[in-house]
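Since the structure comes first, as C-alpha cells, the remarks are kept for the end.
Quantities reported herein were computed from a predicted structural model and do not represent experimental measurements.
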Amino acid sequence: MTLLTILQFIVNTILVLFLFSLLVIGGLLIFKDKHQKQHSVLRNYPLLARVRYFFEKIGPELRQYLFLPDTKGKPFSRNDFTNIVLAGKYNSRMTSFGTQEAYEDGFYIQNTMFPLQTNELHINQSPMISTFIYKIDNERLFDREEHRTKTQIDPYFLTEEDQVIIGAQLEHPFKIKRLVGQSGMSYGALGSHAITALSKGLGKAGTWMNTGEGGLSKYHLTGNVDIIFQIGPGLFGVRDKDGHFDITAFQELANKDAIKAFEIKLAQGAKTRGGHMQGNKVTEEIAAIRKVEPWKTINSPNRFTDIDSPTALLDWVSELQQYGQKPVGFKIVISSVSEVEKLVKSMLKTNQYPDFITVDGGEGGTGATFQELEDRVGLPLFTALPILTAVLEKYGIRDRVKIFASGKLITPDKIAIALGLGADLINIARGMMISVGCIMSQQCHMNTCPVGVATTDPKREQGLIIDEKQYRVTNFVTSLHEGLFNIAAAVGVNTPSQISKEHIIIKHKNGQLQSINDYKLKLID
C-alpha cells in the first residue's frame with residue numbers, strides 16, 4: 001500500500017466520521033427541539049428555526065457593516081464612528097466629495113462672508129503636545145499596513161484671557177483652557193485599562209475627566225488630568241457604613257489637588273433614575289471605592305433621599321461650596337419649562353447659586369438602563385439647552401452660572417451648535433469610549449465587552465493597550481478643538497467660546513428660517 005493510498009484512506013475516514021457525527025448531532029438536536037415546549041417554531045421546523053436564530057443573532061453586525069447607509073446607524077452612524085476614529089488615529093477630520101448629510105430641518109451654523117484669518121484668532125499653541133499618530137503604508141482588501149509615528153501637534157488651547165473660570169468667588173476656582181472634556185463614566189462601568197487610558201490621554205490633552213458616580217479610583221489619578229468628582233444618589237465614595245452622606249469623606253476629596261470641582265447627579269439623559277451595576281462587575285476593589293458590599297448588584301436610588309425641592313438642592317450646593325471651597329454644580333435632564341423656572345426663582349430667592357449646571361440631553365448614553373427611560377423620557381439636548389439658557393437670561397442671572405452640555409456631541413459642528421445655544425463647556429462620554437477602542441457592540445451592561453472598554457473582566461481588558469489608546473484620546477480632543485477654531489474663523493469670531501446664538505439659525509422643512517431668540521421665546525412662552 002502506497003503512502004498516497006494511506007493518506008487517502010485517512011482523509012476519507014475522517015470525512016466519513018465527520019459526516020456521521022453531524023448526522024448524529026443533528027438528529028439529537030432535532031429530537032430535542034421537537035420535544036421542547038418553549039419555542040413553537042423549533043417544534044415545527046427545527047432545522048430552519050436554528051438557521052433563523054443564527055441570522056437573528058448576527059443581524060446587528062450585518063446591519064452595522066453591510067446594510068445600513070453610512071449616515072443612518074443608531075445610536076451612532078458609521079460616519080459618526082469613523083469621524084471619531086480618524087481624529088484619534090490620524091489627528092485628521094479631512095474628507096472629500098461633499099457632505100453625506102441630508103439638508104433637512106434643524107440647526108445650522110451661520111458663516112460670515114468675510115471670515116477671519118488664522119493669525120486673527122486667539123489661539124494658544126504652547127506648549128505643543130507630544131503624541132503618536134498613524135501613517136498608512138498599504139491598504140488592501142483584507143488588511144491595512146500602517147505604522148505609528150511620534151510627533152508634535154499644535155494643542156489649540158484657549159488663550160488665558162478666554163479661559164472659562166468656574167467658581168470665581170471660591171478659594172479654589174476651576175480655570176479651564178479647553179471647551180471639551182469627558183462626561184461622567186464610572187470605574188466599574190468602564191474597566192481599569194479604559195479609565196487609565198482616558199486619564200492619561202485627557203491629561204496630555206490638557207482637559208478634564210468626570211469620575212461618574214462610582215467614586216474616585218487610582219486609575220483616574222494615573223494621568224495629569226483635572227477631575228470633576230460626581231456625587232450620585234448612591235453617594236458612592238462619600239458615604240458612611242450606613243449609606244448616609246459623610247462630610248469628612250467629602251472634605252478629604254476636596255483637599256486633593258487633582259479634584260477641581262464636584263457635580264451632583266440628579267439625572268442623566270439615558271436614565272432619569274439612579275445608577276445600576278450588575279453584581280458580577282462589583283469586584284472587591286470597586287466595592288471598596290464605592291463603600292458597598294462586593295459581588296452584589298448595585299441599584300442606587302433615583303434621587304437623593306433628602307433632596308426633594310430646588311431649595312433643598314441649593315442648600316446642599318451651598319454647604320458643599322463652603323466646606324470644599326471648590327466649584328459645585330449639578331447634572332439634570334430637562335423636560336419642563338416650569339420646573340426650570342421654579343429652580344431659577346429659588347436661586348434668586350435664596351441667593352444661592354450653583355457654579356455650573358450640566359444639561360444632559362435625552363439622547364445621552366449609558367452602560368445600563370431600561371428601554372422606556374432611554375427612548376422617551378427627557379428632551380433632546382438641542383431643545384433642553386435653549387430652555388435653560390432662556391430662563392436664566394429671562395431672570396438676569398445667566399452670567400452667574402456656567403453650563404456644561406452633553407448628548408452625542410462628537411464632532412466640532414455639533415459642539416459649535418451647542419455653544420451657540422448657550423453652553424459654555426461640552427462633555428463627551430461615548431465619543432471618548434470609541435476613542436479608546438469601543439466598537440459599539442452594545443454589551444456594556446453584560447460585562448462582556450469584546451474590546452475591554454466597558455468590562456472589568458481581566459481577560460477582556462487585556463485587549464485594550466493603554467500605551468496605544470491614550471494617544472488616540474489626546475488626538476481626538478485636540479482635533480475637536482482645531483475644528484472649533486475653524487468654525488470660529490468661519491463665523492467671524494476670535495475664539496470658539498465667542499460662538500453665540502447670533503451664529504446659529506434654524507431651517508424648517510418649508511425653507512423658513514428662525515432665529516434662536518425667537519426659538520427660545522417660543523419654548524418658554
Side-chain angles (χ1 to χ4, degrees), residues 71 79-80 82-84 86-87 90-126 128-129 152-164 176-180 205-207 381-382 385-386 389 403 405 408-426 428 431 475-508 511-520:
T71 59
N79 277 355
D80 290 333
T82 301
N83 286 333
I84 297 168
L86 290 177
Y90 310 107
N91 191 37
S92 172
R93 301 167 319 287
M94 196 63 66
T95 184
S96 60
F97 212 63
T99 181
Q100 294 186 47
E101 297 289 337
Y103 270 65
E104 299 174 349
D105 59 318
F107 296 90
Y108 289 86
I109 301 167
Q110 294 194 96
N111 66 295
T112 178
M113 294 177 65
F114 305 103
L116 298 184
Q117 298 293 313
T118 301
N119 60 7
E120 296 177 281
L121 298 174
H122 296 170
I123 309 174
N124 178 8
Q125 299 288 31
S126 178
M128 295 186 74
I129 295 174
Q152 302 281 322
I153 61 174
D154 290 325
Y156 290 90
F157 292 129
L158 299 176
T159 61
E160 187 171 356
E161 64 187 34
D162 294 323
Q163 288 182 8
V164 179
I176 307 176
K177 59 183 177 183
R178 287 293 195 198
L179 292 175
V180 180
T207 192
L381 177 66
F382 286 172
L385 182 56
T389 57
I403 297 176
K408 299 181 74 173
L409 304 175
I410 47 95
T411 52
D413 55 317
K414 294 174 183 175
I415 293 169
I417 291 172
L419 294 173
L421 294 178
D424 297 292
L425 298 158
I426 305 299
I428 299 177
N475 297 338
F476 174 54
V477 171
T478 306
S479 182
L480 288 177
H481 285 85
E482 180 184 7
L484 285 172
F485 274 101
N486 286 343
I487 293 174
V491 304
V493 295
N494 302 110
T495 178
S497 57
Q498 293 175 355
I499 296 172
S500 64
K501 57 190 175 186
E502 286 75 21
H503 304 117
I504 309 298
I505 195 75
I506 302 172
K507 186 184 82 67
H508 295 285
Q512 181 183 358
L513 300 179
Q514 185 180 12
S515 73
I516 297 302
N517 271 335
D518 290 341
Y519 179 66
K520 286 181 176 179

- Is the Phe485 ring parallel, tilted or perpendicular to the Tyr156 ring (thresholds 30°, 60°)? tilted
- Note on the structure: Nearest heavy-atom contact between Phe157 and Ser126 is CD1-O, 3.9 Å
- Where the side chain of Arg178 meets the backbone of Ala205, is there a donor-acceptor pair that is under 3.5 Å apart? yes
- Walk me through it: do Lys408 and Ile410 pass the test side-chain contact (heavy atoms from CB on, under 4.5 Å)? CA-CA 6 Å; Lys408 299 181 74 173; Ile410 47 95; 5.5 Å; no
- Note on the structure: Minimal heavy-atom distance between Pro155 and Thr478, with the atoms involved, is O-CG2, 3.7 Å
- Before giving the answer on side-chain contact (heavy atoms from CB on, under 4.5 Å), spell out for Gln514 and Ile505 the whole-Å C-alpha distance, their side-chain angles and the decisive distance to 0.1 Å. CA-CA 6 Å; Gln514 185 180 12; Ile505 195 75; 5.9 Å; no
- Item | Euclidean distance, Asp413 CG relative to Leu484 CG, rounded to 0.5 Å | 9.5 Å
- Write down the atom of Gly422, the atom of Ile403, and the distance for their closest heavy-atom approach. O-CD1, 3.9 Å
- Query: Between Met128 and Asp154, which heavy-atom pair has the shortest distance, and what is it?
  - Reply: CE-OD1, 3.5 Å
- Which atom pair, heavy atoms only, marks the closest approach of Asn475 to Asn91? O-OD1, 3.6 Å
- Message: Any non-hydrogen side-chain atom of Ile109 less than 4.5 Å from a side-chain atom of Ile417?
- Response: yes
- Any donor-acceptor N/O pair, Thr389 side chain to Leu421 backbone, under 3.5 Å: yes
- Counting only heavy atoms not in Gln117, do more than 12 fall under 6.0 Å of its CD? no
Please tabulate, one pair per line, all N/O donor-acceptor pairs under 3.5 Å involving side-chain atoms of residues 487-504, not counting sequence neighbours.
residue : atom : partner : partner atom : Å
Asn494  : ND2  : Glu120  : O            : 2.9
Gln498  : OE1  : Asn494  : N            : 3.0
Ser500  : OG   : Glu502  : OE1          : 2.6
Lys501  : NZ   : Asn517  : OD1          : 3.2
His503  : ND1  : Ser500  : N            : 3.0

- Would a distance-only check, ignoring hydrogens and angles, find a side-chain to backbone donor-acceptor pair under 3.5 Å from Ser92 to Leu86? no
- Task: Decide if atom CD of Glu160 counts as having more than 12 heavy atoms of other residues, nucleotides or ligands within a radius under 6.0 Å.
- Result: no
- Message: The test is side-chain contact (heavy atoms from CB on, under 4.5 Å); show your working for Phe107 and Ile516 and say whether it passes.
- Response: CA-CA 9 Å; Phe107 296 90; Ile516 297 302; 3.9 Å; yes
- Message: For a quick test of reading the model, state the closest non-hydrogen atom pair linking Glu104 to Lys507 and the distance between them.
- Response: O-CE, 3.5 Å
- Message: Under a 3.5 Å distance rule, please check whether His481 uses its side chain to pair with a backbone N or O of Leu179 as donor and acceptor.
- Response: yes
- Could you give the distance from OG1 (Thr159) to CD (Glu161), rounded to the nearest 0.5 Å? 4.0 Å
- Task: Apply the side-chain contact (heavy atoms from CB on, under 4.5 Å) test between Lys414 and each candidate in Leu419, Leu381, Asp80, Ile426; give the one that qualifies.
- Result: Asp80
